[in-house]
Structure formats: structure tokens, C-alpha cells
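Written below as C-alpha cells is the structure these notes are about.
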Amino acid sequence: MSKFYITTAIDYVNNVPHLGTAYEKIAADAIARFKRLQGFDTRFLMGNDEHSTNVEKAAREQGLDPIAYCDKMAEIFRGVWKRLDISYDDFIRTTEPRHIRGVQALFERIAAKGDIYKGKYEGYYCVSCERFYPEKDLIDGKCPDHKTPAKFLSEDNYFFKLSKYGPPLLEHIRANPGFIVPEIRRNEIVNVIEGGLEDISVSRSTGTWGIPLPIDASQTVYVWFDALINYITGVGYPETNGTFQRYWPADVHVIGKDITRFHCIIWPAMLMSAGVPLPRKVLGHGWVHFQGEKLSKSLGNIVSPLEIADRWGADSLRYYVLKEVPLWRDGDFTWDLFIQRYNSDLANDWGNLFTRTVSMIHRYREGKLATVEPGDGVGDVIRDALRESRAAVDRYELEGAIEAAWTIIRRANRLVEERAPWNLAKDPTKAEDLDRLLGTLAVALQHTALLLFPIMPSKAAQVWDTLRLEPGIDQARFPVDGALLRPPPTGTPLGESKPLFPRIER
Ligand code: ME8
């Protein structure tokens with residue numbers, strides 16, 4: 001069986017998850033779920049990035065020991081991901097012994113290669129980015145991203161010979177056009193490398209909140225050097241048999257556009273130095289804004305994904321962000337558009353197809369299907385949708401996969417209008433036509449559940465179970481190309497027609 005290994009950024013835990021971090025996890029989750037449906041042996045890794053100065057500061061502000069604080073935050077993060085139905089297979093924390101061991105092993109290999117040397121770092125550092133800045137990149141002495149003053153540091157540190165890896169990195173990027181997507185990110189990275197890479201400091205001499213350097217325990221590993229390694233410690237590194245051998249290299253790292261440089265320059269250079277194969281792809285997704293503004297604490301517009309999920313369900317939040325914020329560009333969350341999408345796409349289109357189909361089968365046929373051969377060309381619409389969904393996911397266009405499901409929904413709803421089953425039901429000579437129509441609608445609905453399961457897992461499961469399909473939808477697999485799923489049973493009464501998405505009244 002082919003494998004598929006997908007990761008997200010690991011989050012800093014100085015704040016709780018917000019809409020932006022949730023978006024990334026929802027998108028990666030949908031991809032992982034699609035891959036499982038397509039029969040891949042899928043591994044989905046997430047985690048928390050704990051050795052940051054900001055995390056330590058947040059802990060101290062709460063009067064907690066950093067590790068006690070991180071334990072508490074890990075529970076909070078996991079709770080949010082559970083509520084949003086994020087189906088990670090493993091969750092790594094950078095304070096775990098398995099990670100620390102792997103970081104030290106990789107560091108030692110890089111040092112053994114002769115790529116680490118001692119030097120003096122003098123320059124600016126933004127604590128929020130956890131990154132060193134050349135003075136020329138600061139604006140009035142402030143971080144261009146966070147607009148907060150950068151700190152001047154002067155420390156004896158260990159450096160990594162990043163400069164040496166510019167040429168092989170460029171060669172790799174040119175030989176593998178799919179390595180960095182979307183293209184705009186790829187061009188950005190190529191420009192940075194062509195501008196010349198400088199060696200980077202990879203240790204800190206102040207503080208103890210971090211992983212001790214294996215070659216000098218008086219220093220800790222620079223937090224980014226530490227964090228990036230989670231992608232391999234999460235599959236067992238430094239052990240290179242078993243899980244690591246099975247899943248590495250990762251098929252895709254899903255991360256935000258602000259941190260592509262770490263993932264497309266520093267990380268692959270570290271791996272090249274250590275002789276570990278590079279990940280296949282880095283996907284630098286866009287930003288989610290809220291009501292047109294950047295999400296920021298100072299603007300006070302940090303919406304909790306839980307608030308949306310608690311009011312309108314996790315599935316409708318998942319649907320909204322995946323439909324409205326394609327991975328390759330920025331997008332916006334507004335309450336107006338959310339309510340509009342919810343009422344028109346979810347309540348009217350999909351929800352209505354579900355309730356009307358199931359209610360008619362109850363009303364006219366005591367809940368039982370007589371035949372499940374899709375007619376009226378619906379079989380072909382489904383076959384095309386299955387193909388298009390798969391192709392869209394291969395291009396990481398989740399909005400395209402949603403659209404594929406909607407071709408079935410629209411066709412089926414139109415069929416109801418055209419064939420007017422309420423009239424067929426009045427005419428005993430049309431009984432067979434009605435049976436065929438109801439069977440067609442049920443099969444259409446079944447396939448919408450399959451295609452939307454990665455996007456809206458809990459509503460898709462409701463549709464699936466109502467149609468009395470077995471085993472459960474989490475065991476379902478895409479049919480082979482050109483085929484349809486095994487249809488719902490005939491003669492077994494369907495479940496109740498409970499509304500999928502009760503309308504939101506303004
Ligand atoms: O950067 N829209 O952690 P983080 C979309 N610990 N994505 C957003 C976003 C928004 N408004 N805001 C943040 C870190 N993100 C490091 C990563 S990985 C080895 C270490 C994304 O908690 C952001 O781009 O600041 C990143 O991919 C993720 O959320 C975590 O951000």
C-alpha cells in the first residue's frame with residue numbers, strides 16, 4: 001500500500017489556537033482524510049513547539065513552571081483539535097524525550113560533518129518571530145512583521161554553515177518544481193537564495209529553557225533548529241528503521257507563508273548536511289483574516305474557532321474555511337459570508353437534498369428503497385465527480401474537491417424539481433419511476449457523503465448512517481476509477497430525516 005505522510009506547523013503555546021492556526025490544521029486534516037479514503041497508508045503528524053522564549057515568558061506570567069504550563073496548554077490544544085475533528089495520528093511536543101534525543105542526534109551528525117563552528121553573534125533578534133534580523137531588514141529598529149522593537153544580542157554561539165548549501169538548494173528547487181508550492185512562494189525562496197545565504201546562529205547562550213547542545217551543554221539549541229526536527233522525530237528518528245523508514249520523506253509539510261524560509265531553506269539544508277532525504281513538498285498556505293483585518297491580539301479580533309464551532313458546528317466552520325480560503329491565497333472570515341454560505345450551500349443545497357430524499361422515501365415507501373440503480377445520467381455525474389475530486393486533492397485544491405461534490409448535489413436537486421416525485425406518487429402507473437428516482441437520489445446522497453467526509457466528517461457520517469450503509473464511513477474507500485460504491489441496502493428502513501443544517505435566522 002502506498003504511504004502518505006503529512007505534517008502541519010507545530011504551534012507556539014504562548015496563546016490558545018485561533019482561527020488562523022485552526023485553518024491550517026483543518027486543511028491538513030481534510031487532505032489526510034482524503035488520502036485515507038483513497039487507500040493510502042496515511043500518517044498525519046501535529047504537535048506543539050514549546051521551547052520558545054515567549055512560551056517561557058507566558059508560563060512565568062502565570063506563575064507556572066514552563067513544563068507545567070506546557071502540559072496545561074497541550075491539553076487545551078488537543079481539546080480544540082478534538083472539537084474540530086482533527087484526526088492526527090500522532091501529536092509531538094518538543095519537550096518529549098523522544099524529540100530531544102532526535103534533535104541531539106541530528107545536531108551531532110551535522111557537527112560531525114564539519115558544518116557547525118563557534119563564533120560570535122552580534123545583531124538583532126525578534127522574540128516573537130524567534131529569528132535573527134540583519135539591521136537593514138528592520139523598520140525603525142522594529143521587526144517588519146511584529147512591529148515590535150528587535151533586541152540587540154551579542155553572544156558566543158554556534159553557527160551552522162548555511163551559506164554552503166545555497167547552490168545545492170537552488171539545484172534541488174530547479175530540479176523539483178513541485179518542492180515549494182504555490183509558485184509565488186517558490187519564487188520568493190529562489191530570490192532569497194540567489195541573494196546569497198549567510199551562516200546562522202543555531203544556539204543560545206542565555207537561559208536554560210531549551211535542549212542542551214550535545215557538543216556544549218552550556219548552550220541550548222536555537223528554537224527553530226529544534227522545532228523543525230519534529231518532522232523526523234515524529235516518525236522515530238534517530239531510529240531509521242520501522243516507522244521512519246516507512247514514512248520518511250514526508251509527502252507534504254503544510255505551513256503558513258510566514259515561515260516558508262525556515263522550511264524551504266534552513267530545514268532542507270540541515271537535512272542535506274545530515275545526509276537525510278528531503279521532504280517531497282512544502283506547501284506555504286495563505287493567511288486567514290477576520291472581517292478584512294489581520295488577526296491580532298492588539299486589534300482584539302482573535303476569534304476562537306471554538307466559539308464558531310459551538311454556535312454553528314465544527315463542520316460548518318471547516319466547510320467555510322476550506323471553501324473560502326484556498327490554500328494558495330489569503331482569505332477572509334466574515335460573519336455575513338459565513339451565514340450566507342451556511343444557509344445557501346449547507347442548509348439549502350446539501351441539507352435540503354438530504355432531508356427531502358429521506359423524507360420522501362419514508363413518506364412514499366415506508367422508509368425502504370426498492371432499487372438502487374442510478375438513472376438519469378446521475379451515475380456518470382458521480383463518476384466524474386469522483387475523478388475530479390481526486391484530481392483536485394492531488395493539486396491541493398480543496399475548494400475544487402468541494403465543487404466536485406456539489407456537481408452531484410446540484411444535479412440531484414435539479415432532478416427532484418424536474419421529475420416532481422410528489423406527482424409521480426399520485427399516479428400508480430408511475431410507481432416504478434418513483435422507485436427509480438428515489439434510488440437515484442439515495443445513491444447520489446451516498447456519494448456526496450463520501451466526497452464530503454474529509455471536509456465535514458460528522459455530517460457526512462450522519463448521512464451515511466441514515467442510509468444504513470455499513471461499515472461506518474471512516475472505513476469507506478473511494479471505488480476504483482469508473483466504478484461506484486456498493487449502494488445502500490434495499491428493503492431496510494432508513495434512519496430518520498433529521499435536518500443536517502438547521503437554517504440560521506438572522
Ligand atoms: O510559527 N492564517 O508557530 P505559530 C493562517 N512554532 N495561518 C496562520 C495564521 C493566520 N492568520 N496565523 C498563524 C510557528 N498561522 C512555529 C512553527 S514549525 C516547525 C514551527 C499559521 O504558532 C502559521 O503560519 O506562530 C504557522 O504555520 C502556524 O499557524 C503556527 O504558527
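Quick caveat, the model's predicted, so the values are computed rather than measured. All ligand and atom numbering here is 1-based and tracks the order in the structure.
Under a 4.0 Å criterion applied to the non-hydrogen atoms of Asp258, ligand 1 contributes the atoms 23 (C), 24 (O). The atoms of ligand 1 that sit less than 4.0 Å from any heavy atom of Ala227 are 19 (C). The ligand atoms of ligand 1 that sit less than 4.0 angstrom from a heavy atom of Leu295 are 11 (N). For ligand 1 and Asp49, the ligand atoms under 4.0 Å from any heavy atom of the residue are 6 (N), 16 (C), 20 (C). Against a heavy-atom cut-off of under 4.0 Å, Glu24 is close to the following atoms of ligand 1: 21 (C), 26 (C), 27 (O), 28 (C), 29 (O). Of all the atoms in ligand 1, the ones that sit under 4.0 Å from a non-hydrogen atom of Asp11 are 22 (O), 28 (C), 30 (C).
The only member of Leu278, Ile255, Ile259, Ile229 that meets side chain to side chain contact (heavy atoms under 4.5 Å, CB included) when paired with Trp267 is Ile229. The only member of Tyr121, Phe132, Phe262 that meets ring pair (Phe, Tyr, Trp, His ring centres under 6.0 Å) when paired with Tyr222 is Phe132. The one candidate from Asp394, Asp29, Asp41 that meets the salt bridge (Lys or Arg N to Asp or Glu O under 4.0 Å) condition with Lys35 is Asp394.
In terms of protein heavy atoms, atom 13 (C) of ligand 1 is closest to Trp287 CH2, 3.7 Å. Protein heavy atom nearest atom 29 (O) of ligand 1, with residue, atom name and distance: Thr21 CG2, 3.3 Å. Taking atom 19 (C) of ligand 1 as the reference point, the nearest protein heavy-atom neighbour is Tyr231 OH, 3.4 Å. Summary of contacts: the protein heavy atom closest to atom 16 (C) of ligand 1 is Ile10 O, 3.4 Å. Among all protein heavy atoms, the one lying closest to atom 11 (N) of ligand 1 is Val288 O, 3.1 Å. Ranking protein heavy atoms by distance to atom 3 (O) of ligand 1, first place goes to Tyr12 CD1, 3.4 Å. When hydrogens are left out, the protein atom nearest atom 10 (C) of ligand 1 is Gly20 CA, 3.3 Å; that is the closest non-hydrogen contact.
With Tyr319 as the aromatic partner, Arg341 does not meet the cation-pi criteria of under 6.0 angstrom to the ring centre and within 45 degrees of the ring axis. In this structure, Arg131 is positioned above the aromatic face of Tyr133, its NZ or CZ under 6.0 Å from the six-membered ring centre and within 45° of the axis. Cation-pi geometry between Arg93 and Phe77 is not satisfied (NZ or CZ under 6.0 Å from the ring centre, within 45° of the ring normal).
Ligand 1 lies nowhere less than 4.0 angstrom from a heavy atom belonging to Trp267. Proximity of Trp224 to ligand 1 is established by a heavy-atom distance of less than 4.0 Å.
Contacts between His285 and ligand 1 below 4.0 angstrom, taking non-hydrogen atoms only, involve the side chain exclusively. Proximity of His18 to ligand 1, defined as any heavy-atom pair under 4.0 Å, is confined to the side chain (atoms from C-beta onward).
No donor-acceptor pair under 3.5 Å is formed between the side chain of Tyr165 and the backbone N or O of Leu197. At least one donor-acceptor pair under 3.5 Å links the side chain of Ser203 to the backbone N or O of Tyr158. No side-chain donor-acceptor contact under 3.5 Å links Asp330 to the backbone of Gly286. Looking only at distances, a side-chain donor or acceptor of Glu155 sits under 3.5 Å from a matching main-chain atom of Ser205.
Inclusion of Ile259 in the set of residues having an N or O under 3.5 Å from an N or O of ligand 1 is not warranted.
Side-chain atoms of Asp11 and Thr21 include no donor-acceptor pair closer than 3.5 Å.
Residue Gly286 holds the heavy atom nearest to atom 5 (C) of ligand 1 of all those in Ala9, Gly256, Gly284, Gly286.
Taking a cutoff of 4.0 Å between a charged side-chain nitrogen and a carboxylate oxygen, Arg98 and Asp90 qualify as a salt bridge.
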